[in-house]
2 protein chains.
Amino acid sequence: MNSALDDRLPRYQRLRDDLAARINRNEWRPGDLIPSEAELGAHYGVAIGTVRKAIDQLVSDGVLERQQGRGTFVRRARFNSSLFRFFRFQSETGERRVPQSRIVRRKAMPATTAVASALRISVGEPVISLSRLRLIDDVPLLAEEIWLERSRFEAILALDTAEFGDLLYPLYEDRCGQVVVSADEILTVEIATEMQSRLLRLEANAPLIVIERLAFDLERRPIEWRRSRGPADRFRYHAEIR
Amino acid sequence: MNSALDDRLPRYQRLRDDLAARINRNEWRPGDLIPSEAELGAHYGVAIGTVRKAIDQLVSDGVLERQQGRGTFVRRARFNSSLFRFFRFQSETGERRVPQSRIVRRKAMPATTAVASALRISVGEPVISLSRLRLIDDVPLLAEEIWLERSRFEAILALDTAEFGDLLYPLYEDRCGQVVVSADEILTVEIATEMQSRLLRLEANAPLIVIERLAFDLERRPIEWRRSRGPADRFRYHAEIR
DNA sequence: TAGTGGTCTAGACCACCCC
DNA sequence: GGGTGGTCTAGACCACTAA
């Protein structure tokens with residue numbers, strides 16, 4: 001479980017994992033300055049080059065950010081990150097607007113087979129299910145279903161739905177200490193059911209883009225599963241490969 | 001142009017660029033063993049750590065591959081690469097079949113505005129345009145339009161279209177010495193025109209997925225632009241983000 | 001000016017591969 | 001046993017930031 005203790009691994013790996021765990025448990029929060037490379041080297045009893053190698057990895061994971069002459073910082077939630085890419089929905093003009101969000105439903109429930117397998121927990125474990133509608137200028141753009149492991153996101157249940165705001169990831173960070181750093185997405189196209197076309201104000205049988213996303217924390221554990229559907233004709237998705 | 005000579009850049013960068021150029025000009029070909037780190041260090045007059053840093057970059061670019069105890073090799077064309085991902089078209093079962101390819105049209109022409117801007121050349125420069133149909137079990141799956149800068153791909157014009165085979169990138173490599181290592185893709189959905197639906201044997205007005213891909217060589221110069229269209233209902237696209 | 005990260009060096013020891 | 005890449009060290013000098 002805790003690779004920071006497994007002495008078969010190289011030191012820079014164990015150091016990387018230990019630093020990742022310290023960030024994950026909020027010892028340093030996004031925006032914070034972490035100790036200098038020299039201090040970390042002294043503290044862990046390793047050479048500065050080894051510290052650099054560990055930090056290099058966390059930088060390329062997008063968790064830390066170096067600033068020459070200033071120090072190394074925990075990256076803040078990144079609103080320009082590709083995690084937010086499908087806000088490119090609609091505007092091909094490049095202006096990025098954050099859509100309004102409306103929580104339609106929130107409930108605690110036991111994990112179904114599909115949810116359990118996505119989140120890699122056991123069937124029946126407690127999860128939280130959210131339904132959310134996202135709109136631009138009051139026009140519905142995206143209908144989302146979201147599942148979270150309850151033990152990590154208990155605080156979400158207590159929160160007034162009006163307090164949610166338009167973005168979930170900052171909420172996860174502030175209220176639950178859960179940071180999303182990467183995700184896998186699968187895109188497919190399907191035809192809108194009658195209910196969906198009513199919800200999204202589309203013609204019957206209009207094509208929908210379906211984005212399934214499994215989001216991971218920096219220890220590569222799945223923490224959120226969501227399925228989003230929106231009108232295919234307003235959609236544009238960009239990916240860099242290899 | 002040639003950053004290997006720009007002495008404002010760090011040595012490992014110039015070394016990386018010089019090695020990349022040597023691979024690009026086929027001094028070493030895919031599968032070849034390159035000189036050891038020690039030899040390269042001696043040859044370039046830098047420390048071995050600096051060589052390692054340059055090689056590290058090329059490894060993470062997917063250009064080189066290290067094998068402990070054996071040496072460092074130029075990677076072969078990678079058929080399991082995500083560059084080949086949308087062969088996932090159709091089979092959700094995981095079996096990856098390479099579709100047959102049929103070259104429908106090939107011609108030399110001057111670059112239009114759109115093509116020139118994608119390939120970052122001047123309008124009117126000579127390019128090669130290919131139209132290709134891809135099929136599985138003789139069922140059309142994807143209609144592709146492909147543009148190549150003529151000066152790099154002259155050999156493509158001379159080749160018998162029957163000799164093309166089912167994959168283009170190995171052909172680029174073998175016949176033209178051009179290696180694709182990364183790409184940008186943009187996905188959109190549109191409605192099939194009458195001609196397209198005939199070609200792909202679809203109902204009129206069926207939704208099509210459109211994948212525009214700009215492919216780069218290892219010096220990050222665009223070498224191929226293609227636009228592929230296929231039936232949206234058989235499509236599945238996977239992406240890892242961040 | 002003091003402190004930080006960025007580059008570069010030189011060398012030690014290890015694990016692995018192949019002869 | 002000799003050569004390769006993988007890890008780790010210790011220290012020099014530079015560029016940049018902030019006080």
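What you see is a predicted model, and the numbers here were worked out from it, not measured in a lab. Throughout, a chain's letter reflects where its sequence line sits, starting with A, and its residues are numbered from 1.
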Nearest whole angstrom, please: distance from the [atom2] of [N] to the [atom1] of [X].
X: Q13(A); N: dA15(C); atom1: CD; atom2: P; value: 17 Å
X: I55(B); N: dT4(D); atom1: CD1; atom2: C1'; value: 11 Å
X: L40(B); N: dT4(D); atom1: CG; atom2: P; value: 11 Å
X: R16(B); N: dT7(C); atom1: CZ; atom2: P; value: 15 Å
X: Q67(B); N: dC18(C); atom1: CD; atom2: C1'; value: 13 Å
X: R14(A); N: dC8(D); atom1: CZ; atom2: P; value: 7 Å
X: Q57(B); N: dC8(C); atom1: CD; atom2: P; value: 11 Å
X: Y44(A); N: dT9(D); atom1: OH; atom2: C1'; value: 19 Å

For the side chain to side chain contact (heavy atoms under 4.5 Å, CB included) test, which of V51(A), V63(A), D56(A), D61(A) pairs with R16(A)?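 That would be D61(A); it is the only one of V51(A), V63(A), D56(A), D61(A) passing the side chain to side chain contact (heavy atoms under 4.5 Å, CB included) with R16(A).
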Consider the side chain of [X], meaning its heavy atoms from C-beta on, and name the nucleotide among [options] that approaches it most closely.
X: R66(A); options: dT4(C), dT7(D), dG6(C); result: dG6(C)
X: Q68(B); options: dG6(C), dT9(D), dG5(D); result: dG5(D)
X: R11(A); options: dT9(D), dT9(C), dG6(C); result: dT9(D)
X: R70(B); options: dT4(C), dC18(C), dG6(D); result: dC18(C)
X: A47(B); options: dG5(C), dT9(C), dT7(C); result: dT9(C)
X: Y12(A); options: dT9(C), dC8(D), dT4(D); result: dC8(D)

Start at the 5' end of DNA chain D and walk down; is the nucleotide closest to T50(A) or to D56(B) reached first? D56(B)
Yes or no on side-chain hydrogen bond (donor to acceptor under 3.5 Å, both in side chains) for Y12(B) and Q57(B), after CA distance, side-chain angles and deciding distance? CA-CA 9 Å; Y12(B) 69 86; Q57(B) 288 201 7; 4.8 Å; no
How about Y169(B) and Q178(B): does a side-chain donor come under 3.5 Å of a side-chain acceptor? no
Mind checking if R52(A) touches a base, just sugar-phosphate, or nothing, with heavy atoms under 4.0 Å?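 The residue R52(A) makes base contact.
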Looking at R175(A), I want to see if its CZ is surrounded by more than 12 non-hydrogen atoms of other residues, nucleotides or ligands under 6.0 Å. no
Distance below 4.0 Å between S36(B) side-chain N/O and dG3(D) OP1 or OP2: no
Y172(B) side, atom OH; I223(B) side, atom CD1 - distance, nearest 0.5 Å: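 One gets 8.0 Å once the value is rounded to the nearest 0.5 Å.
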When the nearest nucleotide of DNA chain C is assigned to K53(B) and to I48(B) on a heavy-atom basis, which residue is associated with the more 5' position? K53(B)
